[in-house]
Amino acid sequence: MPNLGPTELIIIGVILILLFGAKKLPDAARGLGRSLRIFKSETAKLRDDDETDTHTATHTATVVQAQQPAPAPQPLPTAPVTQTAEEQARALEEQAAKLRAQAGAAKPQ
């Protein structure tokens with residue numbers, strides 16, 4: 001885009017005055033200024049909120065980590081991981097039988 005010199009700016013100004021009229025241009029400029037001011041304040045609020053949220057989240061995570069003890073390591077499963085469907089069904093049946101036997105022994109007669 002070529003540089004705009006004073007002659008080009010004057011021509012653009014005259015065209016704007018002819019198109020919109022001398023009374024509407026100051027109102028349009030005022031409205032544009034208000035819009036930009038509102039936009040600037042809203043973006044500043046968003047930045048402040050992001051900084052506050054980040055600071056709060058970091059502080060909260062640090063406090064929570066300091067208060068909670070480290071979790072105990074989970075024991076590894078004793079059953080083999082790769083079981084066939086038949087082996088899994090047999091193991092479930094054995095567990096169910098044990099539970100039935102415990103429940104039957106606990107019942108008062």
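Note that this is a predicted model, so its numbers are computed, not measured.
Screening Ile10, Ile11, Leu4 against Glu8 for a side-chain contact (heavy atoms from CB on, under 4.5 Å) leaves a single residue, Leu4.
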Run Lys24 and Asp27 through salt bridge (Lys or Arg N to Asp or Glu O under 4.0 Å) and show every step you take. CA-CA 5 Å; Lys24 291 186 180 180; Asp27 293 337; over 6 Å; no

I'd like to know whether Lys40 forms a side-chain contact (heavy atoms from CB on, under 4.5 Å) with Leu36, so could you lay out the CA-CA distance, the side-chain angles of the two residues, the decisive distance to 0.1 Å, and finally the verdict. CA-CA 6 Å; Lys40 183 179 176 182; Leu36 289 175; over 6 Å; no

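Here CD of Gln88 is found 11.0 Å from CD of Glu86. Values are rounded to the nearest 0.5 Å.
Neither Leu92 nor Leu99 shares a network with the other; the hydrophobic side chains, linked directly or stepwise wherever heavy atoms of I, L, V, M, F, W or Y lie under 4.5 Å apart, form separate groups for each. Note on Ile17: it clusters hydrophobically with Ile15, by side-chain heavy-atom contacts below 4.5 Å among ILVMFWY residues.
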